Trainee: 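Below you'll find the structure I mean.
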Amino acid sequence: MIPPPSRDTLTVGLLAGGRATRLGGLDKAWLLRDGVPQVERLRERFSGHASRVIVSANRELSRYAEMGIDAIPDRHPDTGPLSGLDALAAATTTPWLFTLPVDALHVDASVLARLIDGAGDTGASAEDDDGLQPLVALWPVPPLRVAAAAALTGDDFSVRGLQRALGMRTLRFSQVRFGNLNTPDDLVRAGVTHD
């Protein structure tokens, strides 16, 4: 039996392992809002709500280390977000893992609290006004490890498929957009810069 999610039983995992091809290769983790890198902003936002904050990343690992951020590279490169989930699950020592993309501008502790309330034993993912957001999710770690390994072995890299296999719930967040940075226009609208 997995204990209920709480600060002591929860790890926050930031997904920053993508190639950002739509942003000309800019690393989303290091995009700046008010001079603060996005990865640092999210670490500060969630560090009081979890026992640990870790990052799935494949670039600039020494930069994370210099900032005292635990960054975990993918074990199965080129398999999309599933490889990041696999890496985070392998590195997590708590029974619960809350994940979000490093460019999710408007995900905060209230989103985490609602997922905790609605997760049950099988976990939950979010849906905002832009649609399903499967990477904004609360995962039970032991079954995630098993299901991710099976999906990778079977060349099934769908995060939604993984969530269906785990029986995860989907929680609707109305009148909310979590925000993502996928185009140069998104950066301008969000007031995001880069060094």
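In what follows, residues are counted from 1 in the order of the sequence shown. Just so we're clear, the structure is a prediction, and the values are computed from it rather than from any experiment.
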Trainee: Indicate the atoms forming the closest heavy-atom contact of L138 with P5, along with that distance.
Mentor: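 Scanning both residues completely, I find the closest heavy atoms to be CD2-CG, 4.0 Å.
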Trainee: Sequence neighbours left out, what pairs pass salt bridge (charged side-chain N to carboxylate O under 4.0 Å, His left out) with at least one residue falling in residues 109-123?
Mentor: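 Not a single pair qualifies under salt bridge (charged side-chain N to carboxylate O under 4.0 Å, His left out).
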Trainee: Main chain of V36, side chain of D34: is a donor-acceptor contact present, judged purely on distance under 3.5 Å?
Mentor: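 No; judged by distance alone, with no hydrogens or angles, the pair does not exist.
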Trainee: If you look only at distance, which donor and acceptor atoms sit under 3.5 Å apart when one is on a side chain in residues 87-99 and the other is two or more places apart or in another chain?
Mentor:
{"from": "T92", "atom 1": "OG1", "to": "L88", "atom 2": "O", "distance (Å)": "2.5"}
{"from": "T94", "atom 1": "OG1", "to": "T11", "atom 2": "N", "distance (Å)": "3.2"}
{"from": "T94", "atom 1": "OG1", "to": "T11", "atom 2": "OG1", "distance (Å)": "2.7"}
{"from": "T94", "atom 1": "OG1", "to": "W96", "atom 2": "O", "distance (Å)": "2.9"}
{"from": "W96", "atom 1": "NE1", "to": "P3", "atom 2": "O", "distance (Å)": "2.6"}
{"from": "T99", "atom 1": "OG1", "to": "L135", "atom 2": "O", "distance (Å)": "2.8"}
{"from": "T99", "atom 1": "OG1", "to": "W139", "atom 2": "NE1", "distance (Å)": "2.9"}

Trainee: Between the side chains of R45 and D108, is the shortest nitrogen-to-carboxylate-oxygen separation below 4.0 Å, so that they form an ion pair?
Mentor: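 No.
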Trainee: Side chains of L15 and V102: closer than 4.5 Å at any heavy-atom pair?
Mentor: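 They are not in contact (no side-chain heavy atoms under 4.5 Å apart), so the answer is no.
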Trainee: Only counting residues at least two apart or in another chain, list the ones meeting side chain to side chain contact (heavy atoms under 4.5 Å, CB included) with V53.
Mentor: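 By the side chain to side chain contact (heavy atoms under 4.5 Å, CB included) rule, V53 matches V12, L14, R43, S47.
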Trainee: Looking at every non-hydrogen atom in both residues, tell me the closest pair between T9 and P4 and how far apart they are.
Mentor: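 Smallest heavy-atom distance, with atoms named: OG1-O, 2.9 Å.
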Trainee: Can you sort out the partners of P143 under side chain to side chain contact (heavy atoms under 4.5 Å, CB included), two or more places apart, ordered by chain and number?
Mentor: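 P143 satisfies side chain to side chain contact (heavy atoms under 4.5 Å, CB included) with I2, P140, L166 once adjacent residues are dropped.
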Trainee: Can you name the one residue among E44, E40, Q38 that meets side chain to side chain contact (heavy atoms under 4.5 Å, CB included) with L42?
Mentor: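 Exactly one option meets the side chain to side chain contact (heavy atoms under 4.5 Å, CB included) with L42, and it is Q38.
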Trainee: Taking side chain as C-beta onward, heavy atoms only, is H106 less than 4.5 Å from D128?
Mentor: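 With C-beta onward as the side chain, the pair stays apart.
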Trainee: List for me each residue that meets side chain to side chain contact (heavy atoms under 4.5 Å, CB included) alongside V146, sequence neighbours excluded, and say none if there are none.
Mentor: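 Listed in chain order: nothing, the list is empty.
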Trainee: Which salt bridge (charged side-chain N to carboxylate O under 4.0 Å, His left out) pairs, counting each pair once, include a residue from residues 162-179, with sequence neighbours left out?
Mentor: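 Non-adjacent pairs meeting salt bridge (charged side-chain N to carboxylate O under 4.0 Å, His left out): D129-R172, D130-R177.
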